[in-house]
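Report on the structure given below.
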There are 2 protein chains.
Amino acid sequence: MSGVREEKKRQTRKAILEAAMTLFGTRGYEKTSVEQLAKAAGIGKGTIYSYFQTKSEIFLALCEDELDFLHKEMSKKANNETPLLETLVDIFMTEFRYVTRNRDFGRVFLRELVFPTELTVERSKEIDNRFIELFIPLFQKAQKRGELRADLELLFAFGHFYSLYLLTISAWYCGRLLEDADVLMLLRMLFKQALSGLAPVLSPSQQLPTNHES
Amino acid sequence: MSGVREEKKRQTRKAILEAAMTLFGTRGYEKTSVEQLAKAAGIGKGTIYSYFQTKSEIFLALCEDELDFLHKEMSKKANNETPLLETLVDIFMTEFRYVTRNRDFGRVFLRELVFPTELTVERSKEIDNRFIELFIPLFQKAQKRGELRADLELLFAFGHFYSLYLLTISAWYCGRLLEDADVLMLLRMLFKQALSGLAPVLSPSQQLPTNHES
DNA sequence: TACAAAAAATGACTGCGGTCGATTTTATTC
DNA sequence: GAATAAAATCGACCGCAGTCATTTTTTGTA
């Protein structure tokens, strides 16, 4: 029966991820070598590379699992009728705190996620997509409540908030923001700005039209 | 006289950067080793590291020079009275085309710029600041023309547009955008959205207030 | 159970980024 | 110009990510 082999492979994969969880968590990502990882998982170094293409892919797989859990938690938050702004700030701050628990951890993750190589691009898109799906129902409700324009393409709305979130994280990595509270403040401010618009309020007839593209 | 020594150092530095320009340009960043760089510059490998702390720092120094030139060119564009939206799209598209001339090139640059390590954070901030300064006068004019809210903190206005630019580049690296024209379209669309706001148009009294923070 | 074919595991090896103590070059002082 | 201090250069060396030819294990078949 070939099911035995499959099972063993799944266990090995799990062992690698568990070793990664422990070692990345304690020694940090940069200071953990693939050989240490292999030893901790009780396998040879070469074997690692028949399960993952690069060291950073192990890392992304780890994040994927945890983010999955995190996003399920968040979707509960997303279900109540709190004003959009507060919910958004809440979700992105949770994400921020998780991603930057460990500075190196977050840097590797974000670099791969935002500017992926050919190797990691598919995995990155998956993570992105899962995140996007979390927001769509949230936005739909906000539209019904009149907190968000009805003619908005929701994917672009997500992109808009997400981009401001990225900027905020970037500011944190650049040392322009130091405390959790600073991050929170900037994020809320930018989100408010995004909602109300950067241009002066015009009469509806003068309002810039919103494009619709695929 | 100690001026001779200084002069020699400047020449060595220049030789390294010229070698980098040639080799990164032809073989690509990843495929050029520091040893090759040293040989091409006619010096030992170790010497490189008394001029630059890491390989990526050489790269950033290179970009800094070129960006300096590019930004001076742009500031000419920024001086006429074209509508803000068009000027912004124009400038960011120029930047985009420059940065992504070479895919690896751009990835390394953006990763270091947006999510820098402790080693490169100062250099990254400098590049950022130079870019910011390009926009401030542009925004001031737009405010006078009534294209931008008068109560806007200009640094945050810059951040807003810059973040949308980053998102667009990220989408390109993720393979969600392929052609130059797609990038242009998304960028323009997001900028319009930012100007007009994501929330429905309310009467001025209902408008969300804009915060003022340092 | 015996045997062959396919799959999986392995660790020696390669190439690279970055370090460091030894060596050479330059500046200074008498 | 000799002696000494300081700065700059160097390449052998280290640790690590990733490869690959070889070995070991598993599976299917008779």
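Throughout, a chain's letter reflects where its sequence line sits, starting with A, and its residues are numbered from 1.
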Problem - Near-ring test F96(A)/Y165(A), centroid separation under 6.0 angstrom - result: no

Exercise for the section: Specify the residues of residues 23-39 of chain B, ordered by number, for which at least one heavy atom lies under 4.0 angstrom from an atom of DNA chain C. Expected result: T32(B), S33(B), V34(B)

Handout entry: K9(B) to Y51(B) six-membered ring, cation-pi geometry met (6.0 Å, 45°)
Key = yes

Completion exercise
Residues of residues 43-61 of chain A with a heavy atom under 4.0 Å from any atom of DNA chain D, listed by number, are K45(A), Y49(A), T54(A), K55(A)

Problem - Summary of salt bridge (charged side-chain N to carboxylate O under 4.0 Å, His left out) pairs that have at least one residue in residues 108-124 of chain B, sequence neighbours excluded - result: R103(A)-E118(B), R107(A)-E118(B), R111(A)-E112(B), E112(A)-R111(B), E57(B)-R123(B), E64(B)-R123(B)

Handout entry: Rounded interatomic separation in angstrom, taking NZ from K8(A) and C1' from dA7(C)
Key = 11 Å

Exercise for the section: Indicate, with yes or no, if the rings of F131(B) and F92(B) have centres closer together than 6.0 Å. Expected result: yes

Handout entry: N/O (side chain, K9(B)) to phosphate O (OP1/OP2, dA8(D)) under 4.0 Å
Key = yes

Exercise for the section: Flag the pair F135(A) / Y162(A) as yes when their ring centroid distance falls below 6.0 Å, and as no otherwise. Expected result: no

Handout entry: Near-ring test Y29(B)/F105(B), centroid separation under 6.0 angstrom
Key = no

Handout entry: Polar side chain donor-acceptor pair, T120(B) to T117(B), under 3.5 angstrom
Key = yes

Handout entry: Modelled atom types, side-chain donor and acceptor of H71(B) and E133(B), under 3.5 Å
Key = no

